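To start, the structure under review is shown below, and the notes come after it.
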Amino acid sequence: MYFGRYKAWAGRRRAAVTATDQATADSAAAETDLAEVSAPLEQFVVKPLIPLHLGSYNISYTNSALLMTIIVALIMLLLVGATSRRALVPSRLQSLAELSYEFVIGMVRQEIGDEGIAFFPLVFSIFMFVLFANFIGLIPFSFSVTGQIVVTATLAIFVIVLCTIVGFVRHGVHFFHFFLPPGAPLYMAPVIIPIEVISYLSRPVSLSIRLFANMMAGHTMMAVFAGFTLTLGIFGFFPIAINVAMFGLEVIVCALQAYVFAILTVLYLRDAIHMH
Amino acid sequence: MVAPPRPGGGRGVRLRVRSMSESGPPDPLKRLGEQIDKVRLQARKGERKGGDVTSGGALGFGLRVSIEMVSALIVGVGLGWLADHFLGSRPWGIIAGFLLGSAAGFANVFRAVQGMGRPPPRGGHGHGSSDGG
(Lines give C-alpha, C1' and ligand atoms only; values in the text may rest on other atoms or scores of the structure.)
Protein backbone atom coordinates (compact mmCIF):
# COMPACT_ATOMS: atom_id res chain seq x y z
CA MET A 1 0.00 0.00 0.00
CA TYR A 2 2.76 2.36 0.94
CA PHE A 3 4.64 1.26 -2.08
CA GLY A 4 1.69 1.95 -4.38
CA ARG A 5 1.39 5.44 -3.04
CA TYR A 6 5.09 5.98 -3.51
CA LYS A 7 4.84 4.78 -7.11
CA ALA A 8 2.02 7.19 -7.86
CA TRP A 9 4.00 10.01 -6.28
CA ALA A 10 7.12 9.11 -8.21
CA GLY A 11 5.17 8.96 -11.46
CA ARG A 12 3.64 12.34 -10.86
CA ARG A 13 7.00 13.74 -9.97
CA ARG A 14 8.60 12.34 -13.11
CA ALA A 15 5.83 13.80 -15.25
CA ALA A 16 6.30 17.18 -13.60
CA VAL A 17 10.04 17.05 -14.12
CA THR A 18 9.75 16.21 -17.81
CA ALA A 19 7.16 18.94 -18.28
CA THR A 20 9.39 21.57 -16.75
CA ASP A 21 12.29 20.16 -18.72
CA GLN A 22 10.50 20.76 -21.99
CA ALA A 23 9.30 24.17 -20.90
CA THR A 24 12.73 25.35 -19.93
CA ALA A 25 14.62 23.54 -22.66
CA ASP A 26 14.72 26.61 -24.87
CA SER A 27 15.75 29.11 -22.23
CA ALA A 28 18.13 26.60 -20.69
CA ALA A 29 20.21 26.47 -23.84
CA ALA A 30 21.27 30.06 -23.28
CA GLU A 31 22.10 29.46 -19.64
CA THR A 32 24.00 26.18 -19.89
CA ASP A 33 27.32 27.98 -19.84
CA LEU A 34 26.56 29.68 -16.55
CA ALA A 35 24.98 26.57 -15.09
CA GLU A 36 28.05 24.54 -15.91
CA VAL A 37 30.33 27.10 -14.34
CA SER A 38 28.34 27.45 -11.15
CA ALA A 39 27.41 23.80 -10.50
CA PRO A 40 28.56 23.77 -6.90
CA LEU A 41 28.64 20.00 -6.45
CA GLU A 42 30.61 19.20 -9.56
CA GLN A 43 33.86 19.53 -7.63
CA PHE A 44 33.04 16.36 -5.67
CA VAL A 45 32.66 14.10 -8.70
CA VAL A 46 35.12 11.22 -8.67
CA LYS A 47 36.44 10.69 -12.18
CA PRO A 48 38.44 7.65 -13.23
CA LEU A 49 41.81 8.64 -14.64
CA ILE A 50 43.11 5.15 -15.42
CA PRO A 51 40.19 2.74 -15.81
CA LEU A 52 40.94 -0.60 -14.13
CA HIS A 53 38.65 -3.56 -13.56
CA LEU A 54 39.19 -6.56 -11.35
CA GLY A 55 36.49 -9.06 -12.12
CA SER A 56 33.25 -7.18 -11.61
CA TYR A 57 34.89 -4.60 -9.36
CA ASN A 58 35.79 -1.17 -10.61
CA ILE A 59 39.18 -0.34 -9.13
CA SER A 60 40.02 2.54 -11.43
CA TYR A 61 42.71 4.97 -10.43
CA THR A 62 40.60 8.08 -9.85
CA ASN A 63 41.33 11.72 -9.22
CA SER A 64 40.62 10.99 -5.56
CA ALA A 65 43.27 8.27 -5.51
CA LEU A 66 45.69 10.57 -7.30
CA LEU A 67 45.18 13.26 -4.66
CA MET A 68 45.68 10.73 -1.88
CA THR A 69 48.93 9.60 -3.49
CA ILE A 70 50.06 13.21 -3.67
CA ILE A 71 49.11 13.77 -0.03
CA VAL A 72 51.06 10.78 1.20
CA ALA A 73 54.03 11.73 -0.96
CA LEU A 74 53.98 15.29 0.38
CA ILE A 75 53.82 14.12 3.99
CA MET A 76 56.74 11.76 3.41
CA LEU A 77 58.68 14.48 1.67
CA LEU A 78 58.05 16.98 4.44
CA LEU A 79 58.88 14.68 7.32
CA VAL A 80 61.83 12.89 5.77
CA GLY A 81 63.22 16.02 4.17
CA ALA A 82 62.76 18.20 7.21
CA THR A 83 64.34 15.81 9.65
CA SER A 84 67.18 14.61 7.46
CA ARG A 85 69.59 17.28 8.68
CA ARG A 86 68.60 17.17 12.36
CA ALA A 87 70.02 20.56 13.25
CA LEU A 88 70.01 21.58 16.89
CA VAL A 89 68.65 24.97 15.90
CA PRO A 90 65.91 23.84 13.56
CA SER A 91 65.24 25.38 10.21
CA ARG A 92 61.70 26.46 9.43
CA LEU A 93 60.84 23.16 7.80
CA GLN A 94 62.34 21.14 10.61
CA SER A 95 60.54 23.12 13.27
CA LEU A 96 57.31 22.58 11.35
CA ALA A 97 57.84 18.83 11.47
CA GLU A 98 58.88 18.97 15.12
CA LEU A 99 55.88 21.09 16.05
CA SER A 100 53.42 18.68 14.50
CA TYR A 101 55.17 15.75 16.16
CA GLU A 102 55.17 17.44 19.57
CA PHE A 103 51.57 18.48 19.16
CA VAL A 104 50.31 14.98 18.49
CA ILE A 105 52.48 13.23 21.04
CA GLY A 106 51.42 15.77 23.66
CA MET A 107 47.82 15.04 22.84
CA VAL A 108 48.33 11.27 23.12
CA ARG A 109 50.32 11.52 26.34
CA GLN A 110 47.88 13.88 27.98
CA GLU A 111 44.78 11.85 27.17
CA ILE A 112 45.91 8.23 27.34
CA GLY A 113 49.12 8.43 29.32
CA ASP A 114 52.26 6.46 28.60
CA GLU A 115 50.40 3.34 27.44
CA GLY A 116 49.12 5.39 24.57
CA ILE A 117 52.54 5.92 23.02
CA ALA A 118 52.12 2.64 21.16
CA PHE A 119 49.27 4.27 19.23
CA PHE A 120 51.15 7.47 18.51
CA PRO A 121 52.20 6.47 14.96
CA LEU A 122 48.60 5.72 14.07
CA VAL A 123 47.25 8.97 15.48
CA PHE A 124 50.04 10.95 13.87
CA SER A 125 49.40 9.35 10.48
CA ILE A 126 45.68 10.03 10.70
CA PHE A 127 46.24 13.61 11.80
CA MET A 128 48.75 14.38 9.07
CA PHE A 129 46.66 12.68 6.39
CA VAL A 130 43.48 14.53 7.29
CA LEU A 131 45.32 17.83 7.72
CA PHE A 132 47.04 17.59 4.35
CA ALA A 133 43.90 16.34 2.64
CA ASN A 134 41.94 19.28 4.02
CA PHE A 135 44.54 21.86 3.06
CA ILE A 136 45.23 20.46 -0.39
CA GLY A 137 41.50 20.43 -0.99
CA LEU A 138 41.57 24.21 -0.55
CA ILE A 139 43.84 24.72 -3.54
CA PRO A 140 41.69 25.79 -6.49
CA PHE A 141 41.06 23.06 -9.10
CA SER A 142 42.32 20.36 -6.78
CA PHE A 143 40.04 17.85 -5.13
CA SER A 144 38.91 17.55 -1.55
CA VAL A 145 39.51 13.93 -0.55
CA THR A 146 37.96 14.42 2.87
CA GLY A 147 34.82 15.76 1.18
CA GLN A 148 34.10 12.17 0.17
CA ILE A 149 32.20 10.25 2.81
CA VAL A 150 33.76 7.01 1.56
CA VAL A 151 37.17 8.23 2.65
CA THR A 152 36.14 9.59 6.03
CA ALA A 153 33.94 6.58 6.77
CA THR A 154 36.79 4.22 5.94
CA LEU A 155 39.07 6.08 8.33
CA ALA A 156 36.41 6.16 11.04
CA ILE A 157 35.51 2.48 10.70
CA PHE A 158 39.17 1.58 10.85
CA VAL A 159 39.57 3.59 14.05
CA ILE A 160 36.51 2.09 15.71
CA VAL A 161 37.35 -1.50 14.77
CA LEU A 162 40.84 -0.95 16.13
CA CYS A 163 39.43 0.48 19.38
CA THR A 164 37.15 -2.51 19.78
CA ILE A 165 40.02 -4.94 19.17
CA VAL A 166 42.23 -3.06 21.63
CA GLY A 167 39.44 -3.11 24.21
CA PHE A 168 38.93 -6.86 23.89
CA VAL A 169 42.65 -7.59 23.92
CA ARG A 170 43.23 -5.53 27.04
CA HIS A 171 40.09 -6.37 28.98
CA GLY A 172 38.80 -9.62 27.49
CA VAL A 173 35.18 -10.35 28.29
CA HIS A 174 35.26 -7.53 30.80
CA PHE A 175 35.02 -5.15 27.84
CA PHE A 176 31.31 -5.93 27.66
CA HIS A 177 30.96 -3.86 30.82
CA PHE A 178 31.43 -0.95 28.45
CA PHE A 179 27.80 -1.39 27.53
CA LEU A 180 26.50 -1.59 31.10
CA PRO A 181 27.92 1.27 33.13
CA PRO A 182 28.95 0.37 36.66
CA GLY A 183 26.30 1.22 39.22
CA ALA A 184 23.40 0.75 36.84
CA PRO A 185 20.72 -1.52 38.30
CA LEU A 186 20.52 -4.90 36.62
CA TYR A 187 16.84 -4.65 35.72
CA MET A 188 17.69 -1.65 33.55
CA ALA A 189 20.07 -3.76 31.45
CA PRO A 190 17.57 -4.60 28.66
CA VAL A 191 17.14 -0.88 28.00
CA ILE A 192 20.63 0.41 28.72
CA ILE A 193 22.54 -2.21 26.72
CA PRO A 194 20.84 -1.48 23.36
CA ILE A 195 21.19 2.25 23.97
CA GLU A 196 24.87 1.91 24.78
CA VAL A 197 25.47 -0.36 21.79
CA ILE A 198 23.79 2.16 19.48
CA SER A 199 25.75 4.93 21.12
CA TYR A 200 28.97 3.00 20.53
CA LEU A 201 28.07 2.24 16.92
CA SER A 202 27.18 5.87 16.31
CA ARG A 203 30.79 6.90 16.99
CA PRO A 204 32.15 6.04 13.54
CA VAL A 205 29.05 7.61 11.97
CA SER A 206 29.47 10.89 13.79
CA LEU A 207 33.25 10.84 13.30
CA SER A 208 32.93 10.43 9.54
CA ILE A 209 29.94 12.72 9.04
CA ARG A 210 31.56 15.54 11.00
CA LEU A 211 34.65 15.72 8.81
CA PHE A 212 32.81 15.06 5.56
CA ALA A 213 30.04 17.57 6.29
CA ASN A 214 32.41 20.32 7.30
CA MET A 215 34.52 19.91 4.19
CA MET A 216 31.62 19.51 1.81
CA ALA A 217 29.65 22.43 3.27
CA GLY A 218 32.61 24.79 3.10
CA HIS A 219 33.55 23.89 -0.46
CA THR A 220 29.96 24.01 -1.67
CA MET A 221 29.41 27.41 -0.11
CA MET A 222 32.54 28.81 -1.72
CA ALA A 223 31.50 27.41 -5.10
CA VAL A 224 28.03 28.91 -4.76
CA PHE A 225 29.45 32.34 -4.00
CA ALA A 226 31.91 32.00 -6.84
CA GLY A 227 28.94 31.29 -9.10
CA PHE A 228 27.29 34.51 -7.91
CA THR A 229 30.38 36.39 -9.00
CA LEU A 230 29.69 35.51 -12.62
CA THR A 231 25.96 36.18 -12.56
CA LEU A 232 26.11 39.49 -10.71
CA GLY A 233 28.21 41.19 -13.34
CA ILE A 234 29.54 44.47 -12.06
CA PHE A 235 28.57 43.71 -8.46
CA GLY A 236 30.66 40.56 -8.63
CA PHE A 237 33.25 42.03 -6.29
CA PHE A 238 30.89 41.50 -3.37
CA PRO A 239 30.81 37.68 -3.50
CA ILE A 240 34.53 37.73 -4.09
CA ALA A 241 34.99 39.64 -0.85
CA ILE A 242 32.80 37.14 0.96
CA ASN A 243 34.78 34.29 -0.57
CA VAL A 244 38.06 35.77 0.62
CA ALA A 245 36.69 35.96 4.15
CA MET A 246 35.27 32.46 3.86
CA PHE A 247 38.58 31.13 2.64
CA GLY A 248 40.14 32.34 5.87
CA LEU A 249 37.41 30.59 7.80
CA GLU A 250 37.96 27.43 5.78
CA VAL A 251 41.65 27.42 6.67
CA ILE A 252 40.66 27.42 10.33
CA VAL A 253 38.04 24.73 9.76
CA CYS A 254 40.56 22.54 7.93
CA ALA A 255 43.06 22.65 10.76
CA LEU A 256 40.37 22.33 13.40
CA GLN A 257 38.70 19.34 11.80
CA ALA A 258 42.00 17.51 11.47
CA TYR A 259 42.58 18.19 15.15
CA VAL A 260 39.06 17.08 16.06
CA PHE A 261 39.42 13.85 14.11
CA ALA A 262 42.74 13.11 15.82
CA ILE A 263 41.59 14.01 19.33
CA LEU A 264 38.44 11.93 18.99
CA THR A 265 40.54 9.00 17.81
CA VAL A 266 42.64 9.46 20.91
CA LEU A 267 39.59 9.73 23.16
CA TYR A 268 38.07 6.54 21.73
CA LEU A 269 41.38 4.74 22.20
CA ARG A 270 41.51 6.03 25.76
CA ASP A 271 38.02 4.68 26.40
CA ALA A 272 39.13 1.30 25.11
CA ILE A 273 42.35 1.28 27.15
CA HIS A 274 41.06 2.69 30.45
CA MET A 275 37.45 1.67 30.61
CA HIS A 276 35.20 4.05 32.49
CA MET B 1 60.01 33.15 16.69
CA VAL B 2 61.02 31.37 13.55
CA ALA B 3 64.71 30.87 13.11
CA PRO B 4 66.17 33.07 10.38
CA PRO B 5 67.76 31.40 7.35
CA ARG B 6 70.63 29.11 8.16
CA PRO B 7 73.80 31.22 8.07
CA GLY B 8 72.29 34.10 10.06
CA GLY B 9 70.75 31.79 12.63
CA GLY B 10 73.94 29.90 13.19
CA ARG B 11 75.93 33.08 13.70
CA GLY B 12 73.42 34.46 16.18
CA VAL B 13 73.56 31.39 18.33
CA ARG B 14 77.32 31.22 18.26
CA LEU B 15 77.55 34.84 19.37
CA ARG B 16 75.26 34.25 22.28
CA VAL B 17 77.19 31.14 23.29
CA ARG B 18 80.44 33.09 23.41
CA SER B 19 78.96 35.86 25.56
CA MET B 20 77.53 33.30 27.96
CA SER B 21 80.76 31.39 28.33
CA GLU B 22 82.45 34.64 29.29
CA SER B 23 79.99 35.39 32.05
CA GLY B 24 80.24 31.99 33.71
CA PRO B 25 77.77 29.14 33.05
CA PRO B 26 79.71 26.46 31.21
CA ASP B 27 76.80 24.74 29.47
CA PRO B 28 74.26 27.10 27.91
CA LEU B 29 72.44 24.18 26.34
CA LYS B 30 71.63 22.82 29.75
CA ARG B 31 70.12 26.12 30.76
CA LEU B 32 68.15 26.26 27.56
CA GLY B 33 66.86 22.77 28.28
CA GLU B 34 65.84 23.78 31.79
CA GLN B 35 64.02 26.80 30.47
CA ILE B 36 62.22 24.71 27.87
CA ASP B 37 61.19 22.23 30.54
CA LYS B 38 59.85 25.02 32.71
CA VAL B 39 57.82 26.54 29.89
CA ARG B 40 56.53 23.15 28.87
CA LEU B 41 55.42 22.39 32.42
CA GLN B 42 53.58 25.70 32.59
CA ALA B 43 51.97 25.09 29.23
CA ARG B 44 50.83 21.66 30.35
CA LYS B 45 49.29 23.13 33.51
CA GLY B 46 47.48 25.72 31.43
CA GLU B 47 46.12 23.04 29.15
CA ARG B 48 44.79 21.09 32.08
CA LYS B 49 43.03 24.11 33.47
CA GLY B 50 41.29 25.31 30.35
CA GLY B 51 41.09 21.93 28.70
CA ASP B 52 38.42 22.54 26.13
CA VAL B 53 38.56 19.74 23.62
CA THR B 54 37.15 20.37 20.15
CA SER B 55 36.57 24.02 20.89
CA GLY B 56 35.57 26.05 17.92
CA GLY B 57 33.08 28.56 19.14
CA ALA B 58 29.41 28.11 19.76
CA LEU B 59 28.73 27.21 16.14
CA GLY B 60 31.21 24.36 16.18
CA PHE B 61 29.81 23.12 19.44
CA GLY B 62 26.27 23.23 18.13
CA LEU B 63 27.32 21.37 15.01
CA ARG B 64 29.06 18.73 17.06
CA VAL B 65 26.07 18.19 19.33
CA SER B 66 23.65 17.96 16.43
CA ILE B 67 25.87 15.48 14.62
CA GLU B 68 26.05 13.33 17.76
CA MET B 69 22.26 13.30 17.92
CA VAL B 70 21.70 12.59 14.24
CA SER B 71 24.32 9.87 13.98
CA ALA B 72 22.79 7.93 16.86
CA LEU B 73 19.41 8.22 15.18
CA ILE B 74 20.86 6.99 11.89
CA VAL B 75 22.37 3.96 13.58
CA GLY B 76 19.24 3.21 15.60
CA VAL B 77 16.84 3.45 12.69
CA GLY B 78 19.29 1.58 10.45
CA LEU B 79 19.54 -1.30 12.90
CA GLY B 80 15.76 -1.34 13.27
CA TRP B 81 15.32 -1.42 9.52
CA LEU B 82 17.81 -4.29 9.23
CA ALA B 83 15.99 -6.21 11.95
CA ASP B 84 12.73 -5.68 10.06
CA HIS B 85 14.31 -6.77 6.83
CA PHE B 86 15.60 -10.07 8.20
CA LEU B 87 12.93 -10.88 10.78
CA GLY B 88 9.94 -9.65 8.80
CA SER B 89 8.56 -7.55 11.64
CA ARG B 90 7.78 -4.63 9.40
CA PRO B 91 6.97 -1.58 11.48
CA TRP B 92 8.15 -2.60 14.94
CA GLY B 93 11.87 -2.76 14.37
CA ILE B 94 12.03 0.75 12.98
CA ILE B 95 9.84 2.07 15.80
CA ALA B 96 11.97 0.46 18.48
CA GLY B 97 15.13 1.50 16.64
CA PHE B 98 13.94 5.08 16.44
CA LEU B 99 13.15 5.21 20.15
CA LEU B 100 16.41 3.57 21.19
CA GLY B 101 18.34 5.66 18.70
CA SER B 102 16.93 8.90 20.04
CA ALA B 103 17.69 7.75 23.57
CA ALA B 104 21.26 6.98 22.49
CA GLY B 105 21.40 10.36 20.80
CA PHE B 106 20.40 12.08 24.02
CA ALA B 107 23.01 10.03 25.86
CA ASN B 108 25.63 11.13 23.33
CA VAL B 109 24.62 14.77 23.61
CA PHE B 110 24.62 14.52 27.39
CA ARG B 111 28.14 13.11 27.34
CA ALA B 112 29.34 15.69 24.83
CA VAL B 113 28.01 18.54 26.95
CA GLN B 114 29.16 17.05 30.23
CA GLY B 115 32.85 17.33 29.54
CA MET B 116 33.30 17.54 25.80
CA GLY B 117 34.03 13.83 25.80
CA ARG B 118 36.25 14.11 28.84
CA PRO B 119 34.97 12.40 31.98
CA PRO B 120 35.73 13.83 35.42
CA PRO B 121 39.11 12.71 36.76
CA ARG B 122 39.20 9.02 37.47
CA GLY B 123 39.39 7.60 40.97
CA GLY B 124 36.17 6.03 42.19
CA HIS B 125 32.88 5.87 40.39
CA GLY B 126 31.18 7.84 43.10
CA HIS B 127 29.66 10.39 40.76
CA GLY B 128 26.08 9.34 41.03
CA SER B 129 24.79 11.64 38.35
CA SER B 130 27.25 10.56 35.70
CA ASP B 131 26.11 6.95 35.85
CA GLY B 132 22.66 7.54 34.57
CA GLY B 133 23.90 8.86 31.22
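Just so it is clear: chains get the letters A, B, ... in the order the sequence lines come, proteins before strands, and each one is counted from 1. Only a predicted model underlies this, so the values are computations on that prediction, with no experimental measurement involved.
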- Note on the structure: If one checks every heavy atom of B:I74 against chain A at 4.5 Å, the contacting part turns out to be side chain
- By side-chain hydrogen bond (donor to acceptor under 3.5 Å, both in side chains), A:N134 pairs with (sequence neighbours left out) A:T146
- Query: Is atom CZ of A:F176 surrounded by more than 12 heavy atoms (other residues, nucleotides or ligands) closer than 6.0 Å?
  - Reply: no
- Task: Starting from the C-alpha separation in whole Å, work towards a yes-or-no answer on side chain to side chain contact (heavy atoms under 4.5 Å, CB included) for B:E68 and A:R203.
- Result: CA-CA 8 Å; B:E68 295 282 358; A:R203 282 174 169 189; over 6 Å; no
- From A:S206 OG over to B:I67 CD1, what is the distance, rounded to the nearest 0.5 angstrom? 7.5 Å
- Part of A:E102 within contact of chain B (heavy atom distance under 4.5 Å): side chain
- Query: So which heavy atom on B:A103 is nearest to which on A:I195, and how close?
  - Reply: CB-CD1, 3.4 Å
- Interchain contact, B:L63 with chain A, by part (heavy-atom threshold 4.5 Å): side chain
- Could you look at B:L100 and say if it's the side chain, the backbone, both or neither that has a heavy atom under 4.5 Å from chain A? both
- Step through the shown structure and confirm whether more than 12 heavy atoms of other residues, nucleotides or ligands are within 6.0 Å of CZ on A:F103. yes
- Task: Anything in residues 87-99 of chain B with a heavy-atom distance to chain A below 4.5 Å? Please list those residues in order.
- Result: none
- For B:L29, look at atom CG and say whether over 12 heavy atoms of other residues, nucleotides or ligands are found less than 6.0 Å away. yes
- Query: Of all heavy-atom pairs between B:S71 and A:S202, which one has the smallest distance, and what is that distance?
  - Reply: OG-O, 3.6 Å
- Message: Please find the pair of heavy atoms, one from A:L264 and one from B:R64, that lie closest to each other, and give the distance.
- Response: CD2-NH2, 4.1 Å
- Do A:I209 and B:V70 come within less than 4.5 Å of each other through their side chains, counting heavy atoms only? no
